[in-house]
Amino acid sequence: MASPAGCLPWLPGGFMVTVRALLFWALVYSYCAACACIELLKLLWSIGRSPGKTFQRIIRENPPACLSDPSLGTHCYVRIKDSGLRFHYVAAGERGKPLMLLLHGFPEFWYSWRHQLREFKSEYRVVALDLRGYGETDAPSHQDNYKLDCLITDIKDILESLGYNKCMLIGHDWGGMIAWLVAICYPEMVTKLIVVNFPHPSVFTEYILRHPSQLIKSGYYFFFQMPWFPEFIFSVNDFKVLKNLFTSRTTGIGRKGCRLTAEDIEAYLYIFSQPGALTGPINHYRNIFSCLPLQHHEVTMPTLLLWGERDAFMEVEMAETTRIYVKNHFRLTILSEASHWLQQDQPDIVNKLIWTFLKEETIRKRE
């Protein structure tokens, strides 16, 4: 069994590697400064137009009713012995059934899987996790506690704490990144892998350095390297940035999608408006460049990649390239009218595609 540290090594040493590393970090910090300047200009414009509204913030003391909807499952907690962290998750379906573990993206939490919790509980023990630093899961204060090694180990430890030695692993966005790496580092623990709108990590790191358009779309990776300022920008105008991510014409769910209700939006605002609630999630990104570039790693289990073509953050060309790293059955489905928030945007289609993939693999095994 490979260790996370063994899965995420530095490239071999040498003069050229050192030069490339220096150029890489120069690019990171230069782009970080550019993104910060853009956000600062937006902030000054907002203050000039409406200073009172810019710093307005509603205090949300009580969670909306949708977060305690019994049809979604039961709220549970598990404490990991090694790290000492307590993780929150929502579980649906009977204990003892095969485990389906769901990893959310940013800025999301367990609730982004509400449609899948209801759908798959008939045949699976479905667990939608709050990742380290999110929602009701513990949030270590030190930035180093959010390195990829830690996040990968979290999933292994949670799996064991739930009493399972393997699972069907599904990840979206940043949760997709973690899902890929868990499948690479602990292949014996993942029977099938499903990733939504995130390519194989090696595809992402290679593509972003060769395509300026993707570099621009991933600008938030660089912006998040700054201390405290990204959290502040998210909180102005009563978390307008957060609301716009899900509702705007450019980044939100499309007009043909299943739009978030007012209560859904309020659920997100409630979670991320709590004191310090944004720092943990953004800390995930503050460690990403210290782990790059990654070596190429093969994925050995059956894999399904689902992709919303209207993703404002990820270019669709990366989806097809991912195929070369999967040394098993690989299925790619691109939905032309879907956004980045695919499992919330087109839940019925996504659920049907997942069922088809699961049954297809079952039939193949019987044959």
Side-chain angles (χ1 to χ4, degrees), residues 3-4 60-64 66-70 72-96 99-114 116-117 121 124-179 181-182 185-186 189-190 231 267-287:
S3 67
R60 296 174 171 86
E61 296 181 350
N62 301 311
C66 62
L67 294 182
S68 56
D69 183 347
L72 296 178
T74 304
H75 289 259
C76 307
Y77 302 85
V78 60
R79 187 171 297 278
I80 305 303
K81 291 182 180 179
D82 290 343
S83 67
L85 298 180
R86 189 184 77 156
F87 283 79
H88 168 255
Y89 63 92
V90 172
E94 297 176 9
R95 296 178 185 272
L99 178 63
M100 178 182 284
L101 185 59
L102 309 174
L103 310 181
H104 63 79
F106 174 90
E108 298 174 289
F109 62 113
W110 71 265
Y111 187 70
S112 68
W113 297 109
R114 58 196 175 280
Q116 289 68 44
L117 282 163
K121 64 183 179 181
Y124 290 89
R125 175 70 169 172
V126 189
V127 170
L129 185 69
D130 274 342
L131 295 174
R132 177 184 291 225
Y134 282 83
E136 294 184 57
T137 291
D138 286 347
S141 59
H142 201 282
Q143 181 176 318
D144 286 346
N145 291 321
Y146 295 86
K147 289 183 177 179
L148 284 175
D149 281 356
C150 299
L151 307 179
I152 296 167
T153 303
D154 281 345
I155 306 307
K156 178 185 78 73
D157 291 342
I158 287 166
L159 197 68
E160 294 172 349
S161 297
L162 293 176
Y164 287 85
N165 56 22
K166 57 185 178 180
C167 71
M168 155 70 69
L169 186 60
I170 305 181
H172 168 248
D173 183 66
W174 184 258
M177 161 79 92
I178 297 173
L181 294 174
V182 170
C185 294
Y186 300 106
M189 302 188 81
V190 181
E231 289 93 322
Y268 281 94
L269 295 177
Y270 169 77
I271 290 296
F272 289 104
S273 66
Q274 301 307 305
L278 282 164
T279 299
I282 293 176
N283 274 343
H284 282 243
Y285 292 88
R286 288 178 172 135
N287 285 286

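Basis for what follows: all heavy atoms, side chains included, without hydrogens, waters or symmetry-related copies. Just so we're clear, the structure is a prediction, and the values are computed from it rather than from any experiment.
Nearest heavy-atom pair across T153 and D149 is OG1-O, 2.9 Å. Nearest heavy-atom pair across M177 and L148 is CG-CD2, 4.5 Å. What you find for Y164 and R125 is that their closest heavy atoms are OH-CB, 3.5 Å. When all heavy atoms of D173 and G105 are compared, the closest pair comes out as OD2-CA, 3.5 Å. Summarising the geometry of P281 relative to G133, their closest heavy-atom pair is CD-O, 3.3 Å, with the distance given to 0.1 Å. A91 approaches V127 most closely through the heavy-atom pair CB-CG2, 4.1 Å.
With hydrogens and angles ignored, the 3.5 Å screen pairs a side-chain donor or acceptor of Q274 with a backbone N or O of R60. Checked by atom type and distance alone, the side chain of Y146 pairs as donor or acceptor with a backbone atom of P140 at under 3.5 Å. Checked by atom type and distance alone, the side chain of N287 pairs as donor or acceptor with a backbone atom of Q143 at under 3.5 Å. Within the 3.5 Å criterion, the main-chain N or O of D130 finds a donor-acceptor partner in the side chain of T137.
For the atom pair CD1 of I152 and CD1 of I178, the computed distance is 8.0 Å after rounding to the nearest 0.5 Å. In this structure, CG in L67 is found 6.5 Å from NE2 in H75, a value given to the nearest 0.5 Å. Separating the CE atom in M189 from the CG atom in N165 is a distance of 7.0 Å, to the nearest 0.5 Å. Note: H172 NE2 to Q116 CD = 10.5 Å, rounded to the nearest 0.5 Å. With values rounded to the nearest 0.5 angstrom, Y270 atom OH is found 14.0 Å from Y111 atom OH. Taken from CG in L159 to CG in D154, the straight-line distance is 12.5 Å, to the nearest 0.5 Å.
Taking the six-membered ring for Trp and the full ring otherwise, the centers of F106 and H284 sit at least 6.0 Å from each other.
Only one option out of L117, L131, L129, L103 pairs with W110 in a side-chain contact (heavy atoms from CB on, under 4.5 Å); it is L117.
At a threshold of 4.5 Å between non-hydrogen side-chain atoms, the residues R114 and V90 do not count as touching. The side-chain heavy atoms of L169 and Y186, taken from C-beta on, include no pair separated by under 4.5 Å. Counting heavy atoms from C-beta outward, F87 and D157 have side chains that stay 4.5 Å or more apart. V126 has its side chain within reach of L102: a pair of non-hydrogen atoms, C-beta onward, lies under 4.5 Å apart. For the pair N283 and T279, the minimum side-chain heavy-atom distance is below 4.5 Å.
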(message) Set out, in order, the CA-CA distance, both residues' side-chain angles and the distance that settles side-chain contact (heavy atoms from CB on, under 4.5 Å) for N145 and R132, then state yes or no.
(response) CA-CA 9 Å; N145 291 321; R132 177 184 291 225; 3.8 Å; yes
(request) Given side-chain contact (heavy atoms from CB on, under 4.5 Å), test L162 with R95 step by step and report yes or no. (result) CA-CA 10 Å; L162 293 176; R95 296 178 185 272; over 6 Å; no
(request) Kindly determine whether Y268 and E108 satisfy side-chain contact (heavy atoms from CB on, under 4.5 Å), including the steps that lead there. (result) CA-CA 7 Å; Y268 281 94; E108 298 174 289; 3.9 Å; yes
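Note on ring orientation: taking the six-membered ring where Trp is involved, the planes of F272 and F109 are perpendicular (angle over 60°, cut-offs 30° and 60°).
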